[in-house]
S.K.: 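Have a look at this one.
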Protein chains: 2
Amino acid sequence: MSKNTTKENIFNQALRMFNEQGIEYVGMREIAKELDIRVGNITYYFPTKDDIVAAIVTELADANNTILEAGDDLSMSTFLQMYSETSSNQYKYRCLFVSFVYLMEHNPKVKEVYIPNQEKRYKTIRKNLKLLMQNGYMDASLNDRTLDFLVSSISLMSRFWLSEGRLRFNDAGKRTLFKHYLELFALHLHPYATKQGRRDIDRFIDDL
Amino acid sequence: MSKNTTKENIFNQALRMFNEQGIEYVGMREIAKELDIRVGNITYYFPTKDDIVAAIVTELADANNTILEAGDDLSMSTFLQMYSETSSNQYKYRCLFVSFVYLMEHNPKVKEVYIPNQEKRYKTIRKNLKLLMQNGYMDASLNDRTLDFLVSSISLMSRFWLSEGRLRFNDAGKRTLFKHYLELFALHLHPYATKQGRRDIDRFIDDL
DNA sequence: TAAAAATTAGGACAATGTCCAAAAATACTA
DNA sequence: TAGTATTTTTGGACATTGTCCTAATTTTTA
């Protein structure tokens with residue numbers, strides 16, 4: 001097991017503190033203090049605080065890219081499972097989602113990494129829902145407008161469930177948050193699912 | 001028409017700038033500059049920036065309190081109309097919602113005003129949904145779990161639609177945002193509404 | 001072992017929110 | 001109306017923030 005480099009130490013310590021206290025409320029000097037190094041040493045690896053945040057965003061993007069794309073035989077279970085994994089990644093880098101709007105508007109480096117993913121995300125959700133229709137998990141009579149509604153609604157939820165969770169459950173653990181918000185997500189699909197789809201949804205919720 | 005007091009000028013100017021640029025990115029010196037007064041003059045009326053924000057929260061709370069409570073004869077139209085009015089107030093003080101989590105966790109004065117309203121809000125939504133059931137607008141067979149789902153889901157959406165809107169539509173006007181997010185809200189109820197309820201929902205959406 | 005490169009330290013800088021004492025303007029009172 | 005008290009406004013000080021830069025130190029390379 002190799003010793004961590006200074007850069008890794010800074011990244012990990014920053015992520016830990018950002019997740020706990022919020023990005024805006026962790027100072028460079030505090031991070032340095034925890035690691036018993038000087039601030040100038042941090043700025044050597046990360047010239048600005050935004051660079052640390054950008055590194056976090058990049059790691060999240062990479063993590064999400066390792067989640068395999070849906071095949072043509074996508075089932076409701078797989079779809080839910082994929083959502084669950086994405087949520088897991090979001091939780092790991094949750095500091096990003098608690099200050100979402102703020103980050104996007106004032107951190108160009110974050111914007112650069114995240115924006116391209118965003119459009120892709122809409123399309124992926126839409127494509128997956130269509131696959132679920134084709135494969136008999138979602139109601140085949142869903143029109144485009146309802147599909148758009150579901151995509152919008154899912155996007156909104158998946159962006160802000162962590163913020164909501166922070167407000168509502170304070171600093172509850174991952175388990176509590178997952179139980180609540182994955183159920184919320186799954187129930188969202190319920191009215192538009194076929195009998196087969198609903199069976200998968202119910203099983204997914206039971207397993208939470 | 002009486003001349004505005006200094007305090008009112010400060011409040012209005014701050015709200016305007018907060019809404020446009022975000023609370024965290026408007027400095028006391030900038031507000032002072034716009035009004036051609038000195039910073040010390042602001043702190044005379046609002047000792048800290050948090051006090052300005054708290055004043056904004058209070059005004060929002062007051063505005064929402066003027067929206068009449070639902071009577072026992074609540075209809076789907078009225079329910080949607082009430083939601084629309086609340087959303088209008090949120091838009092007026094939208095700076096608060098773009099930095100929601102941040103505010104709640106680090107501004108005790110905001111927390112004090114908002115938290116009590118929050119629990120009340122859950123109960124109100126729940127009560128109103130039950131009224132809609134009783135009055136034949138929502139499916140009478142809704143169980144408690146589905147009701148909880150709807151309440152959670154509505155709460156999440158009504159807290160974060162403004163954040164989402166900022167990310168997705170950038171600085172689109174009120175009209176664009178309303179068209180999209182009120183429809184999203186209304187469609188949310190659609191699967192659980194009765195035929196009568198759905199008629200109201202469809203009319204509401206058409207009128208947007 | 002000496003030179004070069006990478007890393008770390010330490011302090012300076014402008015900007016921020018906050019605070020305070022003195023000046024100015026206004027209101028009040030005899 | 002003149003003098004006093006109160007409210008309002010000013011201008012600058014303060015600690016803290018992220019950032020930047022130069023010099024010292026350590027590590028790597030030749």
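Numbered from 1 within each chain, the chains take letters A, B, ... in sequence-line order.
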S.K.: Can you pull every protein N or O that's under 3.5 Å from an N or O on nucleotides 12-14 of chain C?
M.R.:
none

S.K.: Check whether more than 12 heavy atoms from other residues, nucleotides or ligands sit under 6.0 Å from atom NZ of B/Lys33, and answer yes or no.
M.R.: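 Result for NZ/B/Lys33: open.
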
S.K.: Can you check whether A/Phe100 and A/Tyr114 have ring centres sitting under 6.0 Å from each other?
M.R.: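 Yes: the rings meet the under 6.0 Å criterion.
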
S.K.: When the distance from CD1 of A/Ile42 to C1' of D/dC21 is rounded to whole Å, what number comes out?
M.R.: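 So the CD1-C1' distance, A/Ile42 to D/dC21, works out to 17 Å.
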
S.K.: In whole angstroms, how far is the P atom of C/dT16 from the NZ atom of A/Lys49?
M.R.: 16 Å

S.K.: Could you tell me if A/Arg94 sits above the aromatic ring of A/Tyr91, with its cationic atom closer than 6.0 Å to the ring centre and no more than 45 degrees from the axis?
M.R.: yes

S.K.: Under a 4.0 Å threshold between the charged nitrogen and the carboxylate oxygen, would A/Lys49 count as salt-bridged to A/Glu24?
M.R.: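 A salt bridge is absent here (no side-chain N lies under 4.0 Å from a carboxylate O).
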
S.K.: I want to check something: taking the side chain as every heavy atom from C-beta on, are A/Leu80 and A/Leu189 in contact at a cut-off of under 4.5 Å?
M.R.: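 They are in side-chain contact.
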
S.K.: In whole angstroms, how far is the C1' atom of D/dG18 from the CG atom of A/Asn107?
M.R.: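 Answer to the nearest Å: 13 Å.
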
S.K.: Would A/Arg168 and B/Glu119 pass as an ion pair if we require N to O under 4.0 Å?
M.R.: no

S.K.: Just to verify, what does B/Ala54 make a side-chain contact (heavy atoms from CB on, under 4.5 Å) with, not counting sequence neighbours?
M.R.: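 Scan of B/Ala54 (side-chain contact (heavy atoms from CB on, under 4.5 Å), adjacent residues dropped) gives B/Lys109.
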
S.K.: Can B/Lys7 be said to sit on top of B/Phe46's aromatic six-ring, NZ or CZ under 6.0 Å from centre and within 45° of the ring axis?
M.R.: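 Satisfied, under 6.0 Å and within 45°.
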
S.K.: Are A/Thr43 and A/Thr48 close enough, and set up right, to give a side-chain contact (heavy atoms from CB on, under 4.5 Å), and what steps lead you there?
M.R.: CA-CA 6 Å; A/Thr43 65; A/Thr48 74; over 6 Å; no

S.K.: Rounded to whole angstrom units, what separation is found between the CE atom of A/Met28 and the C1' atom of C/dA9?
M.R.: 15 Å

S.K.: Pick the nucleotide of DNA chain D nearest each of A/Thr43 and A/Glu30; which residue has the one closer to the 5' end?
M.R.: A/Glu30

S.K.: Please give, in whole Å, the distance from D/dT16 C1' to A/Tyr25 OH?
M.R.: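 Nearest whole value for this atom pair: 14 Å.
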
S.K.: Specify the separation, in whole Å, of atom CD1 of B/Ile10 and atom P of D/dT8.
M.R.: 11 Å

S.K.: Measure all distances between protein nitrogen or oxygen atoms and nitrogen or oxygen atoms of nucleotides 4-8 of chain C, and list the pairs falling under 3.5 Å.
M.R.:
from	atom 1	to	atom 2	distance (Å)
C/dT7	OP2	A/Tyr44	OH	2.8
C/dT8	OP1	A/Thr6	OG1	3.0
C/dT8	OP2	A/Asn41	OD1	2.9
C/dT8	OP2	A/Tyr45	OH	3.0
C/dT8	O5'	A/Asn41	OD1	3.4
C/dT8	O5'	A/Asn41	ND2	3.1

S.K.: Would you mind reading off the distance between B/Asp50 atom CG and C/dT16 atom P, rounded to a whole angstrom?
M.R.: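 My rounded result for the distance is 17 Å.
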
S.K.: B/Asp51 has an atom CG; how far is it from atom P of C/dT18, in whole Å?
M.R.: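 B/Asp51 atom CG is separated from C/dT18 atom P by 8 Å.
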
